[in-house]
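Computation of the quantities below employed the complete heavy-atom set of this structure, encompassing side-chain atoms and omitting hydrogens, waters and symmetry-equivalent molecules. Counting from 1, the numbers follow the sequence of the chain as shown.
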Amino acid sequence: MSKKYYGMQTEKAIKNFPFSFRATSKEFIYAIAEIKKAAAGAHRLAGELDSARALSISKACDEVSSGKFDDQFVLPSFQGGAGTSNHMNVNEVIASRATEILKNKSVVHPNDHVNMSHSTNDVMPSALKITAIRLVDSVLASTDILISALEKKAREFKTILKLGRTHMQDAVPITLGSEFAAYAEYVKRGKRRIVNARRELLELNLGGSAVGNSINVSSRYQKNLYRELRRVTKLKVFPGKNLMSQTSSNSDFVVISQALTAFCIDLSKIAGDFRILSSGPKGGFGEIILPELQAGSSIMPGKVNPVLPEAISQLYYLVSGNNLTIEHASEGAQLELGVMMPVITDRLIESLKLSAEMIRQFADKCVLGIAANRARIKEHLEKSTAFATLLNPIIGYDAAAACVKESLATGKTFRDVVLAKKFLTPKEFDKAVRAFE
């Protein structure tokens, strides 16, 4: 760091929060800078901030958002004060750089100018919503790739008849294609929930100031603020109907976190099924073959592990734990303020970023490379008694049950028993067991 652009308030925070914890997300810092740029423009249009200062603040914000001053944001994401320390860090860096741009002809003050009409309490939730919307969009883009991969496999496996299972026991015949089509539908439903939760993030409390009643915020500024913010962020954000309610409650973040958690539950279920269906390959189910991505053991030659399905299940564990943290932190809001913003910010951003990355990797490196072990699938189906249910309407429950018992007692296939008892001809049997498709 050649020069310190931050000031006294940041220095105090460094001493108060000297934690060995990850730094505050740069995406979040950039969103704060975008808010400051929009505010400077709105104040200039309102005649409340001179053009020279407003333009220098705007330029400094652009530089911050481009990553030019990443080394100036030195605080851990874990801190008290509802995020005031991070907020002041950004205010001080922007003010110092804006003053430098003006060649010291005018001083840009971090509070009087950069923070004009602002409070930590309306800036930080708004910045997190802007950040979260963008990260949600990355999750949705990855989700579309996963849906496409699962649907491709559903078409590829459409005609492969296999054994369906309930309670981990043999149940009825299905197709491998229908199994993958069901997985695709899980993901589509999860995507819809996330899209619905995203809409809540567009409603901000910016302009509400300290408690949501717009103390020290002029109507002239408010008139221009959201138009400028939409221009800067390219997002269709709008002011909340009741800014006080948006300031005192963080439940919008719970909603998006819960939608993501529900989505990851289904992803982990799919991943768990892949691990079961690919188990073995000789001593387990072995019905699908996962791509061989890396050696599975330092001691067992040739062993291959389902590393990406395992990673997806761990993603769920992490997102679920973060969701619980977000729930508790949101419940910790008191009177007119949701005070636990730093941990909500840290955990939500982590969940969204990691989900977007891992879902895409799972689709590209695992799902698209799955192959069907047709011989093993046929073996399991033929050795099972799964066809019995399909024959109930044709030969009757008692006859079907007798065939099941004989099959299990003798080791003969259910098909062989039915044909030996002349309940059906081979052609009739084949027609009956394909009728469900």
Check your understanding: Counting heavy atoms not belonging to Phe17, are there more than 12 under 6.0 Å from its CZ?
Key ->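 Yes, because the 6.0 Å sphere around CZ of Phe17 holds more than 12 heavy atoms from other groups.
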
How long is the gap from [atom1] on [X] to [atom2] on [Y], to the nearest 0.5 Å?
| X | Y | atom1 | atom2 | value |
| --- | --- | --- | --- | --- |
| Leu201 | Arg134 | CG | CZ | 12.5 Å |
| Glu63 | Ser66 | CD | OG | 6.5 Å |
| Ile349 | Ser25 | CD1 | OG | 4.0 Å |
| Ile133 | Leu202 | CD1 | CG | 4.5 Å |
| Leu337 | Met244 | CG | CE | 11.5 Å |
| Ile57 | Asn91 | CD1 | CG | 9.5 Å |

List the atom pairs, with distances to 0.1 Å, where a side-chain N or O of residues 42-52 and a protein N or O form a donor-acceptor pair under 3.5 Å, not counting sequence neighbours.
| from | atom 1 | to | atom 2 | distance (Å) |
| --- | --- | --- | --- | --- |
| His43 | ND1 | Glu48 | OE1 | 2.8 |
| His43 | NE2 | Met116 | O | 3.0 |
| His43 | NE2 | Ser117 | OG | 3.3 |
| Glu48 | OE1 | Ser218 | OG | 3.3 |
| Glu48 | OE2 | Ser218 | OG | 2.3 |
| Glu48 | OE2 | Arg220 | NH2 | 3.1 |
| Asp50 | OD1 | Ala52 | N | 3.3 |
| Asp50 | OD1 | Arg53 | N | 2.9 |
| Asp50 | OD2 | Arg53 | NH1 | 2.9 |

**Study point:** Stepwise side-chain contact (heavy atoms from CB on, under 4.5 Å) test for Ile326 and Asn250
**Key:** CA-CA 9 Å; Ile326 291 166; Asn250 297 134; over 6 Å; no

Is [X] salt-bridged to [Y], going by a charged N under 4.0 Å from an acidic O?
| X | Y | result |
| --- | --- | --- |
| Lys153 | Glu156 | yes |
| Lys383 | Glu379 | yes |
| Glu350 | Arg22 | yes |

Side chain [X], main chain [Y], donor-acceptor under 3.5 Å:
| X | Y | value |
| --- | --- | --- |
| Thr325 | Gly321 | yes |
| Ser148 | Ile145 | no |
| Thr120 | Gly83 | no |
| Ser268 | Cys264 | no |
| Lys103 | Glu100 | no |
| Ser384 | Leu381 | yes |
| Thr84 | Gly81 | yes |
| Ser355 | Leu352 | no |
| His109 | Asn111 | yes |
| Asp122 | Ser119 | yes |

Are side-chain heavy atoms of [X] and [Y] found at a separation under 4.5 Å?
| X | Y | value |
| --- | --- | --- |
| Ile289 | Ile370 | no |
| Arg97 | Lys68 | yes |
| Lys191 | Val195 | yes |
| Leu225 | Val217 | no |

Without hydrogens or angle criteria, can the side chains of [X] and [Y] be said to hold a donor-acceptor pair below 3.5 Å?
| X | Y | result |
| --- | --- | --- |
| Thr24 | Asn86 | yes |
| Arg227 | Asn224 | yes |
| Asp346 | Ser77 | yes |
| Glu92 | Thr10 | yes |
| Asn205 | Ser126 | yes |
| Ser351 | Asn322 | yes |
| Gln9 | Ser85 | no |

Practice item. Show the numbers, then the answer: is there a side chain to side chain donor-acceptor pair (under 3.5 Å) between His113 and Lys36? Key: CA-CA 10 Å; His113 302 128; Lys36 298 298 175 178; over 6 Å; no

Practice item. Evaluate the salt bridge (Lys or Arg N to Asp or Glu O under 4.0 Å) criterion for residues Glu11 and Lys4: first the C-alpha distance (whole Å), next the side-chain angles of each, then the deciding distance (0.1 Å), finally the verdict. Key: CA-CA 10 Å; Glu11 294 279 8; Lys4 288 183 180 178; 3.4 Å; yes

Practice item. Given side chain to side chain donor-acceptor pair (under 3.5 Å), test His87 with Asn115 step by step and report yes or no. Key: CA-CA 9 Å; His87 189 200; Asn115 197 57; 3.2 Å; yes

Review point. Which is it for Ile14 and Leu75 under the side-chain contact (heavy atoms from CB on, under 4.5 Å) test, yes or no, and what are the steps along the way?
Key: CA-CA 6 Å; Ile14 291 171; Leu75 298 174; 3.7 Å; yes

Practice item. Identify, with sequence neighbours excluded, every residue that meets ring-ring contact (aromatic ring centres under 6.0 Å, His included) alongside Tyr226. Key: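 By the ring-ring contact (aromatic ring centres under 6.0 Å, His included) rule, Tyr226 matches no residue at all.
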
Practice item. Over all heavy atoms of both residues, which pair between Ala329 and Val343 is shortest? Give the atoms and the distance, please. Key: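 Nearest heavy atoms, Ala329 then Val343: CB-CG1, 3.6 Å.
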
Practice item. Work out which heavy atom in Ile101 is nearest to a heavy atom in Ala60; give both atom names and the distance. Key: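 That closest heavy-atom pairing would be CD1-N, 3.9 Å.
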
Practice item. Report the C-alpha separation of Glu228 and Arg231 in whole Å, then their side-chain angles, then the decisive distance to 0.1 Å, and conclude whether the salt bridge (Lys or Arg N to Asp or Glu O under 4.0 Å) test is met. Key: CA-CA 5 Å; Glu228 288 294 298; Arg231 182 180 64 81; 2.8 Å; yes

Check your understanding: When you look at Ser214 and Gln222, which way does the side chain to side chain donor-acceptor pair (under 3.5 Å) test go after all the steps?
Key -> CA-CA 9 Å; Ser214 300; Gln222 287 181 311; 3.1 Å; yes

Exercise for review: Using the side-chain hydrogen bond (donor to acceptor under 3.5 Å, both in side chains) rule, collect all pairs that involve residues 178-187, keeping only residues at least two apart or in two chains.
Suggested key: Lys162-Glu179, Thr175-Ser178, Tyr183-Asp273, Tyr186-Lys269

Review point. Does anything in residues 252-265 pair up under side-chain hydrogen bond (donor to acceptor under 3.5 Å, both in side chains), and if so which pairs, sequence neighbours excluded?
Key: Lys129-Asp252, Ser257-Asn323, Gln258-Glu327

Review point. Are Phe362 and Leu315 close enough, and set up right, to give a side-chain contact (heavy atoms from CB on, under 4.5 Å), and what steps lead you there?
Key: CA-CA 11 Å; Phe362 183 55; Leu315 171 68; over 6 Å; no

Practice item. Using the test salt bridge (Lys or Arg N to Asp or Glu O under 4.0 Å), find all partners of Lys59 that sit at least two apart in sequence or belong to another chain. Key: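 In terms of salt bridge (Lys or Arg N to Asp or Glu O under 4.0 Å), with neighbours along the sequence ignored, Lys59 is linked to no residue.
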
Point to revise | Aromatic ring proximity Phe180/Phe274, centre distance under 6.0 Å | key: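 Between Phe180 and Phe274, the centre distance is under 6.0 Å.
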
Point to revise | Residues in side-chain contact (heavy atoms from CB on, under 4.5 Å) contact with Lys223, at least two apart in sequence or another chain | key: none

Point to revise | Quiz item: cation-pi between Lys3 and Tyr5, 6.0 Å / 45° | key: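 Verdict for Tyr5: a cation-pi partner in Lys3.
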
